[in-house]
Amino acid sequence: QVQLVESGGGLVQPGGSLRLSCAASGSWFSIYDMGWYRQAPGLQRELVADITFGGRTNYADSVKGRFTISRDNAKNTVYLQMNSLKPEDTAVYYCNADIRRTLLSDRTDYWGQGTQVTVSS
């Protein structure tokens with residue numbers, strides 16, 4: 001089994017910062033891209049940022065310059081540093097990992113349980 005466990009969400013004032021972490025555990029052949037998505041009430045889940053195993057990053061336009069994604073491959077962990085937070089960043093944030101369980105299996109998306117981020121004064 002594969003588990004993704006997120007931490008670091010919470011309530012923060014506009015302009016503040018939060019750091020999310022997501023640790024993958026279990027057994028697999030290889031982990032590929034890891035990323036963060038978010039879903040606000042009444043809206044579809046959207047990509048926030050993702051990062052390849054080699055460290056190439058991709059960001060949604062709405063978070064460029066404010067959020068930074070990084071990963072520690074030795075710890076199977078991905079991070080999201082969120083600065084200059086805005087009320088519109090309020091959402092449940094989900095961790096995602098693209099994993100191949102065995103040499104012969106297909107790559108599969110795995111998801112964390114989600115962590116709430118609320119930006120409000």
Side-chain angles (χ1 to χ4, degrees):
Q1 286 287 353
V2 174
Q3 247 191 330
L4 301 180
V5 179
E6 299 124 333
S7 61
L11 173 64
V12 63
Q13 292 187 341
S17 298
L18 281 175
R19 188 188 195 217
L20 305 182
S21 300
C22 170
S25 62
S27 64
W28 52 77
F29 175 75
S30 188
I31 296 182
Y32 301 94
D33 295 359
M34 299 185 78
W36 291 94
Y37 289 71
R38 67 186 180 187
Q39 188 167 19
L43 299 180
Q44 289 188 331
R45 190 174 297 189
E46 63 175 1
L47 173 69
V48 176
D50 58 19
I51 183 168
T52 67
F53 184 86
R56 188 171 67 247
T57 59
N58 174 53
Y59 294 94
D61 287 343
S62 59
V63 307
K64 282 181 181 176
R66 300 188 298 124
F67 292 9
T68 302
I69 189 170
S70 60
R71 67 189 283 174
D72 184 334
N73 292 328
K75 296 181 178 179
N76 301 310
T77 299
V78 63
Y79 306 95
L80 186 68
Q81 178 66 44
M82 304 185 293
N83 298 329
S84 303
L85 281 160
K86 305 175 181 179
E88 51 264 44
D89 294 317
T90 296
V92 178
Y93 283 69
Y94 296 91
C95 173
N96 169 268
D98 178 9
I99 293 174
R100 190 191 302 275
R101 294 289 311 279
T102 70
L103 177 62
L104 299 180
S105 64
D106 292 332
R107 290 163 64 163
T108 303
D109 276 331
Y110 289 85
W111 295 90
Q113 79 285 357
T115 185
Q116 177 69 45
V117 171
T118 302
V119 185
S120 175
S121 55

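It should be emphasised that the depicted structure is a prediction, and the values quoted were computed from it without experimental measurement.
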Flag yes if V117 and V92 sit in one hydrophobic cluster, no otherwise; membership is Ile, Leu, Val, Met, Phe, Trp, Tyr, and two members link when side-chain heavy atoms are under 4.5 Å apart.
no

Flag the pair R38 / L80 as yes when at least one side-chain heavy-atom distance between them is below 4.5 Å, and no otherwise.
no

Using modelled atom types only, decide if a donor and an acceptor are shared between the side chain of Q1 and the backbone of G26 within a distance under 3.5 Å.
no

Report whether Y37 and M82 are members of the same hydrophobic cluster (ILVMFWY, side-chain heavy atoms less than 4.5 Å apart, transitive linking).
no

Nearest heavy-atom approach of A91 to A40 is CB-N, 3.9 Å

To the closest 0.5 Å, what do you measure between OG1 (T108) and CH2 (W28)?
13.5 Å

Lys/Arg-Asp/Glu bridge criterion (N-O < 4.0 Å) met for D61, K64
yes

Work out which heavy atom in Y79 is nearest to a heavy atom in S21; give both atom names and the distance.
CD2-OG, 3.3 Å

Could you tell me whether a side-chain N or O of R101 sits under 3.5 Å from a main-chain N or O of S27, the two making a donor and an acceptor?
yes

Please name the pair of heavy atoms, one in Q39 and one in R45, separated by the smallest distance, quoted to 0.1 Å.
OE1-NE, 3.7 Å

Quick check: does any side chain N or O of N73 sit under 3.5 Å from a backbone N or O of F53, one acting as donor and the other as acceptor?
yes

Can you give me the closest heavy-atom contact between R66 and D89, atom names plus distance?
NH1-OD2, 2.8 Å

Check step by step if side-chain contact (heavy atoms from CB on, under 4.5 Å) holds for Y93 and E6.
CA-CA 9 Å; Y93 283 69; E6 299 124 333; over 6 Å; no

Does T118 use its side chain to pair, donor to acceptor, with the backbone of T90 at less than 3.5 Å?
no

Expected output: side-chain R71 to main-chain D50 donor-acceptor under 3.5 Å:
no

Once you round to the nearest 0.5 Å, how far does CD1 of I31 lie from CG of N76?
4.5 Å

If you compare all heavy atoms of M34 against all heavy atoms of I69, which two are closest, and at what distance to 0.1 Å?
O-CD1, 4.1 Å

Hey, what do you get for OG (S30) to CD1 (I99), rounding to the nearest 0.5 Å?
9.0 Å

Is there a side-chain contact between S7 and T115, using heavy atoms and a 4.5 Å cut-off?
no

Donor-acceptor side-chain pairing of R56 and N58 below 3.5 angstrom:
no

Is there a chain of hydrophobic side chains (I, L, V, M, F, W, Y, each step under 4.5 Å between heavy atoms) that links W36 to V2?
yes

Could you tell me whether the side chain of R100 and the main chain of S105 form a donor-acceptor pair under 3.5 Å?
yes

Parallel, tilted or perpendicular: which describes the rings of Y94 and W111, with under 30° parallel and over 60° perpendicular?
perpendicular

Heavy atoms from other residues, nucleotides or ligands near CD of E88 exceed 12 (cutoff 6.0 Å):
yes

Which pair of heavy atoms, one from S84 and one from S17, lies closest together, and at what distance?
N-OG, 4.4 Å

Measure the spacing between OG1 of T57 and CD1 of I51 and express it to the nearest 0.5 Å.
6.0 Å

May I ask you to decide if T68's main-chain N or O and Q81's side chain share a donor-acceptor pair within less than 3.5 Å?
no

Any side-chain heavy-atom pair of L85 and F67 under 4.5 Å
yes

